[in-house]
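Here the structure is a predicted model, which is why all the values come from computation and not from measurement. Throughout, a chain's letter reflects where its sequence line sits, starting with A, and its residues are numbered from 1.
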Amino acid sequence: MPSPLSKDKGKAEIQDDSDLTEEEKAALAAAAEARQRSFERSFAGPSVGKAGLVRDQTEINKVIAEASKLTDNPNRYYQNQVRKDKELTEKIEWYQAKRDELMKMANIPRLEAEADRILLEVEATRDISQTIVHVDMDAFYASVEVQRDPTLKGKAFGVGQGVLTTASYEARKFGCRSGMAGFIAKKLCPHIILTKMHFDLYIAASKAVREVLLQYDENLMMASLDEGYLNITPYMSTHNMSASDTVAQIRAEVEAKTQLTMSAGIAPNRMLAKICSDKNKPNGQYEMEFERSVITKFMRDLPVRKIPGFGRVTERCLEGLGVETCGDIYTHRAELLVMDHWFGFRGLCKAYLGIADNNVAPGKREERRSVGVERTFRDKVDEEDILNEVASIAEELEKDLERLQYAGKTVTVKYKLHTFENKTRAKSVGKYISTSKEILPIALELMKRELPVRIRLLGIRLSTLKDLTIVDKGIKGFLVSPSKKRAAGGSRTGTPVPTENDDDSPELIRMEEEDEAEVLDMTLDDDQDGSPAPNETLTPPPTSALGKRKSSENDKSHLLGPVCPICSKALGAGTSNIGLNEHIDWCLNKDAISEASKKSPVKKARLENGVQAKKAKEKGTMLDWLKKK
DNA sequence: TGGTTGAAC
DNA sequence: AAGAGTTCAACCA
């Protein structure tokens with residue numbers, strides 16, 4: 001039974017297939033189906049695809065997409081998904097064209113050789129000396145809810161009002177997932193019970209868990225209320241215990257203390273540990289063998305989507321390049337190398353090799369970047385209505401700022417149109433502000449410029465923060481105990497770190513913090529160029545890989561003059577690194593810019609940003625593979 | 001640098 | 001009857 005969706009999206013574009021061979025037709029059909037599945041997947045909630053519990057997710061996704069479509073007409077949300085899907089598809093097609101174009105003139109053996117060289121370089125950064133554990137509470141909120149209301153036990157229920165934050169395992173059997181809209185969950189599972197959230201209970205339970213974990217690693221890194229990372233290497237050696245025994249003991253102790261079960265993954269780095277903790281969930285553990293060959297074998301068949309930081313969009317972009325598993329990264333290394341600018345080749349190498357950060361550090365200090373409040377409501381068009389809402393939100397924000405002890409300089413107003421398109425408008429001011437009295441006029445001003453609008457969400461966010469608990473200014477900072485008002489607020493635990501900071505700059509000393517939960521950095525490598533490279537992540541570092549690179553030092557290749565790896569053109573002995581760089585840049589991008597502004601599917605410069613990059617360290621990109629001949 | 005947008009968790 | 005909060009990166013003017 002062909003879903004209406006597949007008619008709309010799937011094959012519609014491919015109409016004239018009369019002169020195609022059978023294989024080509026089959027390939028096109030397969031591609032269309034894959035795309036269709038991906039599109040349907042996009043309705044099911046963010047967590048789908050990460051954790052593969054249910055058998056026939058495809059069927060479930062169809063139901064969801066159908067339900068979504070029929071909800072109301074016209075369903076703006078659905079239409080918005082369609083629009084985004086279309087843009088994504090166009091972007092992917094652009095990538096494919098780019099790839100084909102570059103590959104046409106590329107010297108493939110040379111590309112592969114270079115890719116292999118980089119692989120080796122990345123491989124050299126592997127560190128399996130530490131035993132990292134990722135612990136993950138099983139259906140945490142749901143389990144706590146059962147403790148609160150035992151009648152929920154064994155039933156299909158979800159936690160959360162409009163959107164499920166968690167689904168009980170019984171509900172998951174019906175395809176219900178966290179992140180899923182409540183009414184969709186009802187469609188999938190009509191008898192599902194939806195409960196409110198009880199954050200105070202979750203926080204208390206989390207604290208109990210944390211206390212146990214801290215006995216095994218005082219540097220425990222909590223990634224959220226229900227998951228965390230430990231480095232149990234010291235514990236294992238002082239207690240002369242194996243990793244699996246240690247983890248079994250941790251889990252038993254947590255369960256004894258809290259009646260909550262957890263799953264755990266044991267591996268040499270955070271990324272692998274996190275993936276492993278999913279393997280035997282719920283209430284199980286999985287230990288990765290600390291052996292290179294085992295790890296690479298493990299990665300080979302692992303869908304790239306499982307890598308933390310690789311989301312739905314990245315998944316589809318890679319899929320468009322023929323990459324679905326981490327193993328595919330190797331087979332497609334030539335193309336991926338040439339697409340380095342957009343996908344970040346070294347990050348992909350790390351995924352393929354199973355290499356990532358193994359640092360476990362407590363939620364350092366509290367360098368929060370912004371504080372915001374936003375609300376969703378039924379469509380508003382009335383000007384006064386809207387401005388009242390702005391005022392109300394500003395007051396709420398003031399309360400949060402007071403509780404959290406922050407002031408800030410940049411006010412951002414965010415709104416979502418009835419079409420589900422998001423907009424933001426921001427304005428910075430010269431001094432730190434924190435009260436509604438100060439914020440509201442700015443927010444109002446920003447919002448008034450947008451009227452008239454029909455919106456379903458409004459929010460205000462304050463950024464460029466100053467931490468008011470840091471009294472600092474030299475010695476005094478140490479005499480005043482840092483108020484401990486924060487803590488309750490949000491995701492991050494950790495105590496404020498009094499920081500001495502003598503100038504007027506609000507900037508705190510940024511210790512290498514980061515370690516954002518899901519971010520996989522490396523840290524250990526960073527060989528050349530002596531830059532600290534504190535946070536390179538697995539997600540592609542597309543940026544400025546080429547033109548803007550600093551020239552690296554160890555470039556001694558000009559005896560014969562550099563050769564462009566794309567067009568194989570010799571550039572002459574006199575060509576400088578920078579000159580070579582420029583040539584490569586030009587060679588790779590000559591058409592990109594003009595094309596982008598002309599026929600590029602996605603607006604103008606939207607092209608490259610599909611792939612998310614975190615701190616793209618100025619290292620492992622094109623220049624590297626040039627500099628050695 | 002400030003403003004906007006989007007991806008991801 | 002499709003949430004809320006936060007961070008990060010890219011791009012542009």
Side-chain angles (χ1 to χ4, degrees), chain A residues 42-47 50 64 67-68 70-73 75-78 80-81 84 87-88 91 160-165 178-187 197 199 223-224 227 274 305 307-317 341-342 344 367-379 396-397 400 404 409-414 416 420-429 446 456-457 459 461-465 489-492 513-519 535 537-544 596 602-616:
Chain A
S42 74
F43 289 95
S47 63
K50 264 322 195 204
I64 295 170
S68 302
L70 299 173
T71 303
D72 75 78
N73 75 100
N75 183 332
R76 309 283 181 188
Y77 181 80
Y78 175 82
N80 192 249
Q81 291 301 124
K84 291 203 292 194
E87 285 179 10
L88 214 208
K91 180 158 63 182
Q161 354 56 343
V163 168
L164 309 195
T165 61
S178 64
M180 181 178 284
F183 78 94
I184 299 281
K186 277 243 197 272
K187 286 230 155 69
M197 304 236 283
F199 252 101
S224 66
E227 60 180 296
K274 173 147 183 162
R305 183 65 169 86
I307 307 287
F310 284 54
R312 255 187 264 140
V313 172
T314 305
E315 176 188 34
R316 280 203 47 192
C317 291
H341 185 264
W342 297 278
E367 262 298 84
R368 195 197 272 250
R369 296 299 163 88
S370 67
V371 179
V373 174
E374 62 192 53
R375 283 190 203 144
T376 297
F377 36 71
R378 279 202 287 278
D379 287 6
E396 179 125 350
L397 179 56
D400 283 358
L404 268 17
K409 283 184 176 176
T410 304
V411 176
T412 303
V413 167
K414 166 184 175 185
K416 192 187 296 194
F420 286 86
E421 250 184 311
N422 286 314
K423 302 278 182 199
T424 61
R425 297 289 178 258
K427 181 179 165 112
S428 298
V429 295
L446 289 167
R456 59 168 6 258
L457 170 147
R461 176 162 298 275
L462 191 67
S463 51
T464 321
L465 297 181
S491 38
R492 259 301 184 245
E513 29 108 350
E514 225 31 307
D515 302 318
E516 245 346 290
E518 317 300 330
V519 180
N535 323 292
T537 73
L538 267 183
T539 10
T543 225
S544 50
V602 198
K603 304 215 172 130
K604 29 183 172 204
R606 282 275 74 84
L607 292 167
E608 296 99 68
N609 81 354
V611 182
Q612 160 140 359
K614 316 260 169 161
K615 328 246 171 167

Which nucleotide sits closest to the side chain of [X]: [options]?
| X | options | value |
| --- | --- | --- |
| A:Val373 | C:dA1, C:dG5, B:dA8 | C:dG5 |
| A:Glu374 | B:dT5, C:dT6, B:dG2 | C:dT6 |
| A:Ala181 | B:dT4, C:dA2, C:dG3 | C:dA2 |
| A:Arg369 | C:dC8, C:dG3, B:dG2 | C:dC8 |
| A:Val313 | B:dA7, B:dT4, C:dA2 | B:dA7 |

- Message: In the structure I gave you, are the side-chain heavy atoms of A:Cys317 and A:Leu88 within less than 4.5 Å of one another anywhere?
- Response: yes
- Message: With a 4.5 Å cut-off on side-chain heavy atoms, are A:Glu396 and A:Arg375 touching?
- Response: yes
Using OP1 and OP2 only, check whether a side-chain N or O of [X] sits under 4.0 Å from [N].
| X | N | result |
| --- | --- | --- |
| A:Thr424 | B:dT4 | no |
| A:Arg368 | C:dG5 | no |
| A:Thr314 | B:dA8 | yes |
| A:Arg312 | B:dA8 | no |
| A:Arg461 | C:dT6 | yes |
| A:Arg375 | C:dG3 | no |
| A:Ser370 | C:dG5 | no |
| A:Ser224 | B:dC9 | no |

- Item | Smallest separation among heavy atoms of A:Asn422 and A:Lys414, with atom names | OD1-CE, 4.1 Å
Write down the distance between [atom1] ([X]) and [atom2] ([N]), rounded to a whole number of angstrom.
| X | N | atom1 | atom2 | answer |
| --- | --- | --- | --- | --- |
| A:Gln81 | C:dA1 | CD | P | 19 Å |
| A:Phe420 | B:dT5 | CZ | C1' | 18 Å |
| A:Glu396 | C:dG5 | CD | P | 8 Å |
| A:Leu404 | C:dT6 | CG | C1' | 12 Å |
| A:Arg316 | B:dA8 | CZ | P | 12 Å |
| A:Arg76 | C:dA2 | CZ | P | 13 Å |
| A:Leu446 | B:dT4 | CG | C1' | 12 Å |
| A:Glu421 | B:dT4 | CD | P | 15 Å |

- Task: Take A:Thr376 and A:Arg456 through the test side-chain contact (heavy atoms from CB on, under 4.5 Å) and record every step on the way to the result.
- Result: CA-CA 6 Å; A:Thr376 297; A:Arg456 59 168 6 258; 3.5 Å; yes
- Comparing A:Lys416 and A:Val371 on DNA chain C - which has the more 5′ nearest nucleotide: A:Lys416
- Residue pair A:Gly162/A:Lys414 against DNA chain C: nearer the 5' end by closest nucleotide is A:Gly162
- Item | side-chain hydrogen bond (donor to acceptor under 3.5 Å, both in side chains) partner of A:Ser428, the single match among A:Thr412, A:Thr410, A:Thr464 | A:Thr410
- Note on the structure: When A:Val411, A:Val373, A:Asp400 are each screened for side chain to side chain contact (heavy atoms under 4.5 Å, CB included) with A:Leu462, the one that passes is A:Val411
- Query: If each of A:Thr410 and A:Asn422 is mapped to the nucleotide of DNA chain B with the nearest heavy atom, which maps nearer the 5' terminus, i.e. the 5' end?
  - Reply: A:Thr410
